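Written below as structure tokens is the structure these notes are about.
In this text, all values refer to a predicted model and were calculated from it rather than measured experimentally. Along the sequence shown, residues are numbered consecutively beginning with 1. Heavy atoms only: backbone and side chains are in, while hydrogens, waters and symmetry mates are out.
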Amino acid sequence: MASTETNNGKNEQFSKNAIDGKQETSWTSSVSNEAAWLTVILPGATEVTQIKLLMGTSLDEPIKEFAIQTFLNGNWHNKEKFSDNEETKVTINFKQPILTDRLRLAVSGKIKANVHEFEIYGIEYVSKDATPVNKIVINQSGYNLGKPKRFTAPEVLDNTVFHIINTRTLKKEFQGKVNDHIGDFSDFNPLTSDSYKIVIDSFSSYPFKFGPYWLERVTYQNMVDFMRGARHYTGTTHEIRRLSWAWRDGDFFNWSLQSLVAQYLSNPKAYERLRKEINYIPNSAYANAYEGKWGALEPYHKDAPDIVKLIHWDADVKISQQLDHEHQKAELAHFLYAYPYLKEWLPKQNFDLVYAYLKNVWTKPSVKENSTTPYDNSPEHNLLALKTKLGTTKGELPPGHSIIPNLMMYEVTKKQGEVEAEKYFKAAYNQIEWLIQHIDWKDPMSTKGQRMSEHMTMRAFAYFYNQYPNRAPKGLVQKVEDWAKLMINRSNNMWDFRTYTDTGDWVPVGWNETGNILGFPACALAAKSIVKNVSLQNELDRLVWSHFDNAFGRNPTGRHFSYDAPTEIEGVDLGWYNAHHGGVGLLEPVRFVFDGSPKTNHYPNHPEIGNYGWTEGWVQHNTAFNLSMAYLAYDDTDIQLIKSKKKTISIRLKAPLNFNEHIIDKVDVIVKSSSGDSVIVSLKEENPYSKYLVGSVKYNKEKIDATDTTLQIKSKDTISVGYGLGYFEKQSHLTLD
């Protein structure tokens, strides 16, 4: 059954008259400040071959100017446009069928339109590329030990038994039952490198594996490889691309710099041990075409980890080109905040130059020419100003985007002895207080409607609360709990998938919403760090992993979001239908591109639709995933000090470090005493499948000599140790008798 929508609110209840098959009834628009439009929403994806319109003005005169539009990637596009129509009966035939699930009649001018019939002819769409989806839909690559593990069986009845079978031994090692089309095997945590498959009757899933940090194992190097290849000027192409600065394809709001900083701070040792493949390229290497595009910052040390080199690259381009859009300069606050943890590899000149620049432009309301794009909707660029305008489905201007940058500037300027440091805190406080009072979570434009930028809002809440719990505005925790309850309620379906609305919209129409799904775990994990209710925390955990699983194949198409996933990601069997050739970003040759995701018509279970809607990789998709992985690392990090025996302290660190059961992982941590001494302690993984690394340190009141690794203490000393850096550090403290 088709339905209708119109911008004419008071007549909306009559718009269905335009599709009721009765010429004697009609929908009539009213003259308003905007031109009238009428949308017909089809029951599903349809190959439209013909449209018949019976319409006119309220005086039964022909409507001279109008267009038939389709919705794609968040925007309406003209398919047929009429500028001098003289008929009240109009038939439009399409030589090539239009694949869509909705069509809009858009009338030009402020006239009263009268539509008797809006008839649409076509056939239900079935893609030639559609692959029959396995009856058992899973994360094709694998699952993390000790985390929620679920699959979807869309056509399986309740209480049907499933088994998990070891593909090497063919033994059944786990049994459960399907309920509401979901199978849960969270309690199954085999300590082996064997592959498994799920079997229901005669059907079986793709094979998959388990590991203490399986998701991290198959993504960490890939994440860095993507960012390396997606750089503008020096990545996989040297072409100068429109809408691009440090990264290819519209990067004034791709949040790349903060995603890289978050990744490194959340799990520094893991990123430090990755391959080093980036070398500094002087600006002069590309002659005059690239003059001034980068090079203002002095080069990094050649031994820096690649992720640090990427952080340097982003900041260097922004400073070299003097970019001053509010998002671009806000990104640089993350660089200043992280500098103390990067100074081993970055010259002090880097900090000084960025600091001086931000001090000068932070409150600048205007933006220089050529530092933004046509998608810019910022009313002004003063980052101390209250931001009350919400962005569009393009992803710019997410609620609260200035909060974390202002809090970081507060910390940085305070350390620099600035007397006006408090102004940054005040701006952040005013902004989050405004969000608490004004943001309506039920309005999807305040959540999923922000597309791949949605994570900015909940991360701002988490940063403020966790860094300044005693200065947080009243109502912050309750506001986050309200968000969590709504998200959980919207995820009560067989995919554990958070829907767009409460009224049947799974995904915003016309979107390639890939980055939204990839960034949602960051939202859920940020909220989890605030909410107090254990049940809410557990439900948020479920959503974290269901959305990672969705990207890895547990979705109505049964496909991983990346076209090249089968050749680039361990364990993936079926990648996305296609990759986009060309585009602004030219991302096709870059490794680990997230290309596409299911559209609203694929849900709840329509695999026959196949390759439908827009597909194109975007740096914004990957940076959303980067941030989710950073918050995942923080959530899973824990460190403990235990007084184990006389004058010995044991250290237990849980962090995403054990990626490979065949490699013995080690990590050094610094143990400090409150009296001033510190020693480096080497931790070693407990066993090949453990999430913990362990070690110990002896302590005494005196040291024998300079080579003594004993921690020197005084009476009543407090011993401390931590892992992670900055706002992602987890600490443990132990006071000795």
Side-chain angles (χ1 to χ4, degrees), residues 144-147 212-213 215-216 220 258-259 261-273 307 334 337-338 340-342 404 407-408 411 458-459 461-470 472 521-522 524-532 534 537-538 540-541 544 626-643 649-659 665-674 678-686 690-697 711 718-735:
N144 282 33
L145 296 173
K147 296 298 182 180
Y213 293 105
L215 180 62
E216 292 84 350
Y220 264 49
Q258 64 182 279
S259 80
V261 166
Q263 286 174 269
Y264 180 70
L265 297 184
S266 70
N267 198 2
K269 299 302 181 183
Y271 289 100
E272 289 172 14
R273 71 188 185 188
I307 197 165
H334 292 261
Y337 177 88
Y341 312 110
L342 309 176
I404 295 178
L407 291 175
M408 287 182 165
E411 291 297 332
M458 197 49 58
R459 287 174 51 231
F461 275 88
Y463 190 100
F464 201 113
Y465 180 78
N466 291 318
Q467 297 300 305
Y468 309 97
N470 297 325
L525 289 164
K528 182 186 171 188
S529 72
I530 299 173
V531 301
K532 308 302 182 185
V534 175
Q537 292 177 347
N538 291 338
L540 289 172
D541 250 345
V544 166
N626 294 350
L627 282 159
S628 285
M629 293 304 292
Y631 279 79
L632 184 65
Y634 176 69
D635 179 72
D636 213 39
T637 294
D638 184 47
I639 193 163
Q640 298 175 5
L641 290 171
I642 304 166
K643 188 175 179 182
I649 298 172
S650 296
I651 304 145
R652 285 176 58 82
L653 169 65
K654 184 178 76 163
L657 292 165
N658 184 6
F659 295 175
D665 290 291
K666 297 179 181 179
V667 66
D668 290 340
V669 295
I670 300 175
V671 181
K672 301 177 182 179
S673 68
S674 55
S678 64
V679 295
I680 297 174
V681 180
S682 181
L683 308 182
K684 178 181 174 182
E685 67 182 43
E686 280 186 318
S690 177
K691 294 190 173 189
Y692 288 88
L693 294 91
V694 297
S696 63
V697 61
L711 183 67
T718 296
I719 310 303
S720 62
V721 68
Y723 185 74
L725 300 168
Y727 69 99
F728 277 140
E729 184 181 17
K730 293 280 184 74
Q731 292 185 340
S732 180
H733 304 278
L734 177 66
T735 300

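- Interatomic distance, NZ of Lys666 versus CD of Glu685, reported as 10.0 Å (0.5 Å rounding).
- One distance of note links NE2 of His334 with OG of Ser259; it measures 10.0 Å at 0.5 Å rounding.
- Looking at Leu215 and Leu632, their side chains come closer than 4.5 Å, going by heavy atoms from C-beta outward.
- Summarising the geometry, atom CD1 belonging to Ile639 is positioned 12.5 Å from atom NZ belonging to Lys654; distances are rounded to the nearest 0.5 Å.
- The closest donor-acceptor contact from the side chain of Asp668 to the backbone of Ile680 lies at 3.5 Å or more, if one exists at all.
- The side-chain heavy atoms of Val721 and Ile670, taken from C-beta on, include no pair separated by under 4.5 Å.
- Ring-centre distance between Phe728 and Tyr634: below the 6.0 Å cut-off.
- By the 4.5 Å heavy-atom criterion applied to side chains, Val671 and Ile649 are not counted as neighbours.
- Between Leu657 and Lys269 the shortest side-chain heavy-atom distance falls below 4.5 Å.
- For the residue pair Thr735/Thr718, the side-chain donor-acceptor check at 3.5 Å is satisfied.
- For the residue pair Tyr271 and Gln263, the shortest heavy atom distance occurs at CE1-O, 3.0 Å.
- Ring geometry, Tyr337 versus Tyr463: the interplanar angle exceeds 60°, so the pair is classed perpendicular (tilted spans 30 to 60°).
- Between the side chains of Tyr723 and Asn267, a donor-acceptor pair is found at a separation under 3.5 Å.
- Between Val544 and Lys147 the shortest side-chain heavy-atom distance does not fall below 4.5 Å.
- Considering OH of Tyr264 and CD1 of Ile307, their distance stands at 9.0 Å, rounded to 0.5 Å.
- Under the 4.5 Å side-chain criterion, counting only non-hydrogen atoms from C-beta, Gln258 is in contact with Arg459.
- Tyr213 has its side chain out of reach of Tyr220: every pair of non-hydrogen atoms, C-beta onward, lies at least 4.5 Å apart.
- In this structure, Glu686 contributes its side chain and Tyr692 its backbone to no donor-acceptor pair below 3.5 Å.
- Within the 3.5 Å criterion, the main-chain N or O of Ala462 finds a donor-acceptor partner in the side chain of Asn466.
- In terms of heavy-atom proximity, Phe464 sits nearest to Leu407 at CD1-CD1, 3.6 Å.
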TODO: Under the side chain to side chain contact (heavy atoms under 4.5 Å, CB included) rule, what do Lys643 and Ile719 come out as? Steps first, then yes or no, please.
DONE: CA-CA 10 Å; Lys643 188 175 179 182; Ile719 310 303; over 6 Å; no
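- Contact between Pro656 and Ala270 at its shortest, heavy atoms only, is O-CB, 4.0 Å.
- Between the side chain of Glu216 and the backbone N or O of Phe659 there is no donor-acceptor pair closer than 3.5 Å.
- Ser628 contributes a side-chain N or O that, together with a main-chain N or O of Ala522, makes up a donor-acceptor pair within less than 3.5 Å.
- Looking at every heavy atom in both residues, Gln467 comes nearest to Tyr727 through NE2-CB, 3.4 Å.
- Atom CD1 of Ile642 is separated from atom CD1 of Ile651 by 10.0 Å, given to the nearest 0.5 angstrom.
- Atom CZ of Arg652 and atom CG of Leu683 lie 11.0 Å apart (nearest 0.5 Å).
- Side chains of Asp638 and Lys730 form no contact here, defined as non-hydrogen atoms less than 4.5 Å apart.
- Considering all non-hydrogen atoms of both residues, Ala338 and Val261 come closest at CB-CG1, 3.7 Å.
- Contact between Gly722 and Val669 at its shortest, heavy atoms only, is O-CG1, 4.3 Å.
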